[in-house]
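Proteins come first, then strands; the chains are lettered A, B, ... in the order of their sequence lines, and each starts at number 1.
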Amino acid sequence: MLLLMLLSGIWAGAQKIATRTGNIKFEASVATYEEITSENKSVSAVLEQSTGDFAALALIKGFRFKVALMEEHFNENYMESETYPKATFKGKLDGFDINKITTTPKNYTLKGDLTVHGKTKAISVIAKVYKSSNGLVINGNFDVKPVDFAIEVPSLVSKKIADKIKINYNFLLVK
Amino acid sequence: MKKNKIVLIVLVLVLMCGGTYVYYKHLIRPSRNIVSEEPVFKISAAKLSQEYNANSQKADSRYLNKTIEINGVVTKVTDSVMMVDESVFCLFGNKLKRDLIKNKIVLKGKCIGYDELFQEVKLDQCTIN
C-alpha cells in the first residue's frame, strides 16, 4: 500500500510529455526574390504538465533546404553551426493547467529564453495548446530578427533576406 | 568585319552556356543526398553515444555533418524514427516497419548533433543498408 502511494506520488510529480520529432519551419523570403524556406523535423521538446515548464532543442544541421547552396550559407555564414550546433528554448506556458486543456485550441503565453547562434534573448509569444487523439499539441508562430542573435547579413544580399524571419513551430507531445 | 561579328556571337553564346551551366551546377544544385554518399565513419551506436556523452564538443568536431554508418539493436520504432541501443535517434524519410524492433541493424545517416534534452545523438536522412 505504502509502495503504491509512493509510486503514484512519483507519477504525479513527474508528468512529463515529450517529442523528438517536433517541427520547426522558417521563412526568410523577400517578395520578388528567391524563396528561402527551411524545415527541421527532428526538434525535441519536453513539457512538465504540473508546472507548464517547457523546453525545446533544435539541431541546426537538422534544418533542410531545397537548394544546397542555401543550406551551406545558412550553416557556414549565418548560423555557424559548427560552433553553435543547436538552438534552444527554455521557459514556461503562463497559467498552464492540464485540466483546462480540451480539443479546442486555447491561447497561452509562452515566455522564456531563446538561444540561437550562442546568443540568448527573452521572448514572449502566443502558443496554441490543445488535446489531440494521441497527445497534446503546442504550436504557433513568431518573428525573430537575425540582428538580435548577432547574425550578420552582408549588405550585398541583405535585400534578398528578410529583416524578420518567420518561425513556425508544431509539437505533438506524448507520454 | 563579318568575321568579327561571328566571333562576337560565338563568344556571347559560349558565355551564355557557361553562365547557365554555373547557374544549374552551383546555384540551384540540390541538397546533399546522403543515400549516395559513402560513410566517413563506421561505428557502433553504443560507442557513438558514449563519445557524445563524454564530450559532445569533441564528438561534434569528429562526427557533425558527416555521413556515418552505425550498428546496434533497434530499441524503438515510431513512424519514421528508429532508436538504436536506446541512445541514437535515426530519422528516415519513410515510415518504418514495427517488426524491426529487437533486430540487429546497420544503417547510414547524417549526424546532426547531440540532443541534451534526451542525451541522444541524432542522425537524419537515414537508410538501412
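- Closest non-hydrogen pair, R20(A) versus K122(B), comes out as O-NZ, 3.3 Å.
- With 3.5 Å as the limit, one finds a donor-acceptor pair spanning the side chains of D115(B) and S44(A).
- In this structure, I43(B) is not a member of the same hydrophobic cluster as F89(B), with clusters built from ILVMFWY side-chain heavy atoms closer than 4.5 Å.
- In this structure, chain B has a heavy atom under 4.5 Å from the backbone of V43(A), while its side chain stays farther away.
- Within a 6.0 Å radius of CD in Q57(B), other residues, nucleotides and ligands contribute 12 heavy atoms or fewer.
- Within the 4.5 angstrom heavy-atom criterion, only backbone atoms of S81(A) (N, CA, C, O) approach chain B.
- Across all non-hydrogen atoms, the minimal contact from T19(A) to F118(B) is O-CE1, 3.5 Å.
- Shown here for G62(A) and D124(B), the closest heavy-atom pair between the two residues is CA-OD2, 4.1 Å.
- Only the backbone of A56(A) comes within contact range of chain B, with at least one heavy atom under 4.5 Å from a heavy atom of that chain.
- When each of E71(A), K41(A), K66(A) is scored by its heavy-atom pairs under 4.5 Å with chain B, the top score falls to K66(A).
- Annotation for K66(B): atom NZ counts as buried by contact number, over 12 foreign heavy atoms lying within 6.0 Å.
- Few gaps surround CG on D97(A); more than 12 heavy atoms of other groups in view lie less than 6.0 Å from it.
- Atom CG of L59(A) sits about 11.5 Å away from atom CG of N65(B), to the nearest 0.5 Å.
- Looking at L117(B), the atoms closer than 4.5 Å to chain A (heavy atoms on both sides) sit in the backbone and in the side chain alike.
- E86(B) CD: 12 or fewer foreign heavy atoms inside a 6.0 Å radius.
- Residues L173(A) and M83(B) do not share a hydrophobic cluster, clusters being chains of Ile/Leu/Val/Met/Phe/Trp/Tyr side chains in contact below 4.5 Å.
- Within 6.0 Å of atom CG in L13(B), more than 12 heavy atoms from other residues, nucleotides or ligands are found, so the atom counts as buried in its surroundings.
- In this structure, K110(B) contributes its side chain and K61(A) its backbone to a donor-acceptor pair below 3.5 Å.
- Looking at E120(B), the atoms closer than 4.5 Å to chain A (heavy atoms on both sides) all sit in the side chain, from C-beta outward.
- Cluster membership for I60(A) and F149(A), using ILVMFWY side-chain heavy atoms within less than 4.5 angstrom, is shared.
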